[in-house]
Amino acid sequence: MQRRYVALFLSLFFLLPVLAQDRTRTRIPIRIPDVPGYKTLACDLHIHTVFSDGSVWPDIRPEEAWREGMDVIAITDHIEYLPHKADLPANHNRSFEIAKPRGDQLDIIVIRGSEVTRDMPPGHLNAIFLDSSIPLDTEEWFDALKAAHDQGAFIFWNHPGWKGQQPDKVARWYPEHSQLLEQGMLHGIEVVNERQYYPEAHRWCIEKKLTMLSNSDIHNPLNLDYKVRQADHRPMTLVFAQDRSVESVKEALFARRTAVYSGALLIGEETFLKPIFTRSVHIKNPAVTIKGDGRTYVQIRNYSDIEYELEFGDEIVELELPDEILALQANRTVLLALRGTSEDRSGTKTFAIPFTVRNLLVGPDIGLKSEFEIEVTFVPEEE
Ligand SMILES: [Zn+2]
Ligand SMILES: [Zn+2]
C-alpha cells in the first residue's frame with residue numbers, strides 16, 4: 001500500500017515538469033479575422049540566423065513560427081555582414097535550405113530572402129522570393145538590388161528610421177530611394193521594425209503607394225525578445241492573400257494588401273482595418289437596463305487577439321456616453337455603460353453610437369472611425 005503511494009508520488013514528481021513543458025509546445029493560431037475575399041495570413045518577413053549575425057540555427061525559425069501560430073516567414077540573412085564566417089561556410093543560400101524542410105513538415109511557408117546591407121543611402125533593403133541569393137553578392141549596391149529585381153523579387157526598405165543610420169532619429173528619404181522607386185525596384189517599407197514605429201514611413205507608404213510591412217528582424221531565439229504566451233507577440237505583417245500559398249503571398253504583397261500588427265497597434269488601409277474590427281466584435285442586442293441603476297449595459301464580445309481602444313465622441317440625443325477609453329480586451333466580453341438622458345425612458349429604441357478606435361491607424365495619428373448599432377429596451381421607473 002505504502003509502496004503504491006511512493007510510486008504514485010514519484011511518477012507525479014517526474015511527470016509534472018513534462019506536462020508543464022508540453023504546454024509551451026502547444027500551438028495557438030493567431031485570432032484575427034479574414035477580410036472580404038481574402039485570408040488573413042500572419043507573416044514575419046525579416047529574420048536572421050547564425051548564417052549572418054543571428055544566434056539561432058535556421059530550422060528553429062519555422063518551429064518558433066509554428067508555436068506562435070503564424071503562417072509565413074522569410075529567412076533574410078545579411079549578404080555583406082557575416083561575423084560567423086570563420087566558423088560557418090559563407091553560403092548565402094544555406095540558411096533557407098536548412099529552414100525550408102522543417103517549414104514543410106510544420107506547414108509553415110518559408111520564403112527565401114536576403115538583406116542587402118549598405119550604408120545610408122540606400123541603407124538596408126530586403127529582397128524576398130529569390131531563386132538564389134548568391135547573385136546579390138556584388139560590389140555596388142545597385143547591382144545587388146538589380147540582381148534581385150531580375151529574379152522577380154519583392155524589395156523593401158528596412159528600418160528606415162534606425163538611429164544607427166539616421167542620427168537625428170527621423171527617417172529621411174534620399175534621391176537613391178526615388179531612383180529605386182522610379183525603376184520599379186522598391187515595393188515596400190517597414191513601417192515597424194522590432195518594436196519601433198516610423199510615422200514618416202507610414203506617410204510615404206500612403207503617398208507613394210508602397211506596401212506597409214512590420215517585421216521582427218529577430219537575431220535571438222524568439223522567446224528571449226517576446227513573451228509570446230503572455231499577451232505579447234512579435235511584430236508581424238498581416239497579408240491578405242487569395243489562399244495560403246507562396247504565390248498568393250507574393251501577389252498580395254505586390255498588390256499592397258497588407259496591414260501592420262505590432263504591440264497594440266494595427267496600421268493599414270480602412271478597407272482592411274474596418275472589416276477586421278467589425279468581424280472581431282459582436283454586440284448583444286437588445287442592451288439591458290438594470291432596474292434602479294438607471295443605466296443601460298451593452299455586452300460587447302471581442303473574438304480576436306487584438307485589444308481595441310474605443311474613444312467616444314460627444315453625447316448623442318438621449319444617451320450619455322462614457323468619457324474614458326473603453327478597452328475591448330482580446331477574447332473577452334466587456335460592458336459599455338450608457339445613461340439615458342431623456343425624460344421618457346420606456347419602450348425600445350435603436351441608437352447609432354459613433355466612436356474612434358484609437359489603436360487602429362488609417363494614417364499617422366488618425367484612428368479608425370466606426371459605430372455600433374444598439375437597441376435599448378428601457379425599464380420604466382417605478383413610482
Ligand atoms: Zn538591417
Ligand atoms: Zn536585419
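Atoms within each ligand, like the ligands themselves, are counted from 1 in listed order. Everything numeric in this text was worked out from a predicted model, so none of it was measured.
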task: Taking His202 for its side chain and Val191 for its backbone only, find out whether a donor-acceptor pair lies under 3.5 Å.
output: no
- request: Measure the acute angle between the ring planes of Phe240 and Phe272, then classify it against the limits of 30° and 60° as parallel, tilted or perpendicular.
  value: parallel
Validation row, ring centre [X] to ring centre [Y] under 6.0 Å:
X: Trp204; Y: His177; value: no
X: Phe51; Y: His92; value: no
X: Phe156; Y: His187; value: no

- prompt: With a cut-off of under 6.0 Å to the ring centre and 45° to the axis, is Arg112 in cation-pi contact with Phe129?
  reply: no
- prompt: Going by chain and residue number, what protein N/O/S atoms come nearer than 2.8 Å to the Zn ion (ligand 1)?
  reply: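 Those protein N, O or S atoms (cut-off: under 2.8 Å from the Zn ion (ligand 1)) are Glu115 OE2, His124 ND1, His159 NE2.
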